[in-house]
Amino acid sequence: PQNFTESLVWQERAADKGYLPAQTSLAARFETGDDVPHDLARAAKWYARAAENGAATAHLKMARLCQAGEVGPRDEVAAAEWFLKAAGQGEVEAQYEAGLCCSTGRGHPLDYQAAAHWFRAAVEQKHIPSAFALGQIYLQGVGLPQDYVEAARLFHAAGSEGHAGAQFHLGLCLEQG
């Protein structure tokens, strides 16, 4: 028979011993309130422990919790640090977010070269918003040499997948020649 209380006891024992699947499972359960009380502080505790064990998705979850201020005051610096850790592990959404942090100065010093690096890494994984963002960097020539051809190529790739901003900017590039 189902016994969620007993299930939680056993999963917490495994998580306390550093078992990564138990840590991520508990974190997700507390985040969503799936068969346990909704408790973002406990979710953050288990995401942080899973992140210590190298779970890229846990780094990403911690970044989002910090960014939203869901487990304390909103902390853009901590969010950027978590995004960068997850990005370094190949987490595509984190690569995009790391690029945004670097290109906007949100929680991280303004650094267009670093932004281009993270957007490019995400583009290599076919991340459409990153193609648009990298195209913007090439179009403006900030942190990288201005390159209208590369900007148009990136806008075309993102626009072909339905990204409206990329479609508009591709149109502008074509209008300008």
Start with the C-alpha gap between Gln23 and Gln11, add the side-chain angles, then the distance that decides, and say whether side-chain contact (heavy atoms from CB on, under 4.5 Å) holds. CA-CA 8 Å; Gln23 292 171 337; Gln11 282 194 10; over 6 Å; no
Given side chain to side chain donor-acceptor pair (under 3.5 Å), test Tyr47 with Glu31 step by step and report yes or no. CA-CA 10 Å; Tyr47 280 133; Glu31 181 182 16; 2.5 Å; yes
Step by step, would you call Gln95 with Gln125 a side chain to side chain donor-acceptor pair (under 3.5 Å)? CA-CA 10 Å; Gln95 290 170 336; Gln125 296 188 64; 2.9 Å; yes
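Atoms CG and CD, on Asp75 and Gln67 in that order, are 10.5 Å from each other to the nearest 0.5 Å. Atoms CG and OH, from Leu139 and Tyr148 in turn, are 6.5 Å apart once rounded to the nearest 0.5 Å. Note that OG of Ser130 and NE2 of His163 are 9.5 Å apart. Values are rounded to the nearest 0.5 Å. For the atom pair CG (Leu8) and CZ (Arg13), the distance works out to 11.0 Å, reported to the nearest 0.5 Å. How far CZ of Phe155 is from SG of Cys173: 5.5 Å, rounded to the nearest 0.5 Å.
Hydrophobic clustering places Leu144 together with Val142 (ILVMFWY residues linked when any side-chain heavy atoms are closer than 4.5 Å, directly or through intermediates). Note on Leu84: it does not cluster hydrophobically with Met62, by side-chain heavy-atom contacts below 4.5 Å among ILVMFWY residues. Both Ile137 and Leu110 belong to a common hydrophobic cluster when Ile, Leu, Val, Met, Phe, Trp and Tyr are linked at side-chain heavy-atom distances under 4.5 angstrom. A continuous path of ILVMFWY side-chain contacts below 4.5 Å connects Trp46 to Val36, so both sit in one hydrophobic cluster.
Under the 3.5 Å distance criterion, the side-chain polar atoms of Gln167 are matched with a main-chain donor or acceptor of Gly159. The closest donor-acceptor contact from the side chain of His108 to the backbone of Val77 lies at 3.5 Å or more, if one exists at all. Judged purely by atom type and a 3.5 angstrom limit, Glu91 has no side-chain atom pairing as donor or acceptor with the backbone of Ala56.
Donor-acceptor pairing under 3.5 Å is lacking for the side chains of Tyr138 and Gln136.
By the 4.0 Å N-to-carboxylate-O rule, Glu76 lies close enough to Arg74 to be salt-bridged with it. Classification of Arg64 and Glu97 as a salt-bridged pair holds, one side-chain N sitting under 4.0 Å from a carboxylate O.
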